[in-house]
J.: 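Have a look at this one.
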Amino acid sequence: MPFTLATWNINSVRLREEIVLKLMQEEAPDVLCLQECKSPVEKIPLEGFRALGYHHMVARGQKGYNGVAILSKIPMEEAGSEDFAGLGHARHIAGRLENGVTIHNFYVPAGGDVADREVNEKFGQKLDYLTEMRDSFHADTPERSILVGDLNIAPREDDVWDHKKLLKVVSHTPIEVEHLAQVQEAGNWVDVTRADIPDGRLYSWWSYRAKDWDAADKGRRLDHVWATPDIAGAAHSSRVLRAARGWEKPSDHAPVFATFDL
DNA sequence: ATGGTGGTGCTACCA
């Protein structure tokens, strides 16, 4: 049975319940992975989601910050969560669908403003988080798995609006890109989005601070869909729903989709 | 070189 998955940094699931429902109604992914829910799990507004067929959820939450959730129309059981770098943050949850596919949903630390761990503790935490992700996939090679989320890194030159201007900007520095590449290598992860859409600029995030985000188009591809090689070939129809960045009271991220024929 | 816009929950912290 084919299924469609979407990943979306929602920047408060309670404030943006209406556009989550809109996405569910208009796009109806079978599985919706959210990041930055900014809500304790028990305060996620499930009623409307259930009414649209999303009867299954696995989630981790905390008050005000972080938070990840997987909402699914397909039966799903929890498959663990990790606290990489020992931050005590709700940044990872895993679910296993009834077809045996495991989904890892990550919200990698943003890393603060300065790309130097000596002066910016948050940058060090981001690198450490990625290193521990790498080690965990190295220790336990994932199979039949999908990894999605806001990884807060735009790895390729065509994942940002200006490669040279962003080389020293957190999210596109060489050391972050190298750390992300090591996570990818450790799990043999295939970048499904770029396997599907190999050429051209592609973004999933546009700052709130731009006057006209659409016209300026100073975006970055921070949100990713990866899969293990045993199922990556089943993926197709990848896309970024750019229009969602222009919806009422938008998140600064747009949802990223992929379909798997499994 | 700087400040620009948001969310959360109390005054800054985070993105």
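Keep in mind it's a predicted model, so treat the numbers as computed, not measured. Values below: every heavy atom of this structure, side chains too, minus hydrogens, waters and symmetry copies. Letters go in sequence order (proteins before strands), and every chain restarts at 1.
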J.: Tell me which nucleotide among B:dG7, B:dC10, B:dA15 gets nearest to the side chain of A:Lys63.
T.: B:dC10
J.: Take atom OH of A:Tyr65 and atom C1' of B:dG6, then tell me their distance rounded to the nearest Å.
T.: 14 Å
J.: Return the value, rounded to whole Å, for the distance between atom CH2 of A:Trp213 and atom C1' of B:dG4.
T.: 17 Å
J.: Both A:Val13 and A:Ser207 contact DNA chain B. Taking the nearest nucleotide for each, which residue is further toward the 5' end?
T.: A:Ser207
J.: Hey, does the side chain of A:Arg14 come within less than 4.0 Å of B:dT8's phosphate (OP1/OP2), counting only N and O?
T.: no
J.: Measure CD1/A:Ile19 against P/B:dG6 and give the value in whole Å, please.
T.: 13 Å
J.: Please check: side-chain N/O of A:His172 versus main-chain N/O of A:Leu166, any donor-acceptor pairing under 3.5 Å?
T.: no
J.: Quick one: A:His253 NE2 to B:dG7 C1', roughly how many Å, whole number?
T.: 13 Å
J.: So what does the secondary structure string of DNA chain B come out as, 5' to 3', with Watson-Crick or wobble pairs under 3.5 angstrom, [ ] for crossing and | for pairs with another strand?
T.: ....((((...))))
J.: Using a strict 4.0 Å threshold on nitrogen-to-oxygen distance, state whether A:Glu27 and A:Arg239 make a salt bridge.
T.: yes
J.: Strictly below 4.0 Å, N to O, side chains only: are A:Asp162 and A:Lys218 in salt-bridge contact?
T.: no
J.: For A:Lys122, which contact category applies under a 4.0 Å heavy-atom criterion: base, sugar-phosphate, or nothing?
T.: sugar-phosphate
J.: So if I take every side-chain heavy atom of A:Arg209 and compare against B:dG7, B:dT5, B:dC10, which nucleotide ends up nearest?
T.: B:dT5
J.: Measure from NZ on A:Lys249 to P on B:dT5 and round the result to the nearest Å.
T.: 18 Å
J.: Go through A:Lys249 and A:Glu18 one step at a time and tell me if the salt bridge (Lys or Arg N to Asp or Glu O under 4.0 Å) criterion holds.
T.: CA-CA 9 Å; A:Lys249 270 201 302 176; A:Glu18 289 308 312; over 6 Å; no
J.: Under 4.0 Å: is that the gap between some side-chain N or O of A:Ser12 and OP1 or OP2 of B:dT8?
T.: yes
J.: Rounded to the nearest angstrom, tell me the gap between atom OH in A:Tyr208 and atom C1' in B:dC14.
T.: 13 Å
J.: Round to a whole Å and report the spacing from CG of A:Asp252 to P of B:dC14.
T.: 17 Å
J.: Under 3.5 Å, side chain of A:Asp83 to main-chain N/O of A:Leu87, donor-acceptor pair present?
T.: yes
J.: Indicate yes or no for a side-chain donor-acceptor contact from A:Asp196 to the backbone of A:Ser237 under 3.5 Å, with no hydrogens or angles considered.
T.: yes
J.: Hey, are A:Arg194 and A:Asp158 close enough for a salt bridge, meaning a charged N less than 4.0 Å from a carboxylate O?
T.: yes
J.: Can you check the A:Asn9 CG to B:dT8 P distance for me, whole Å?
T.: 12 Å
J.: When rounded to the nearest Å, what value does the distance between P atoms of B:dC10 and B:dC14 take?
T.: 15 Å
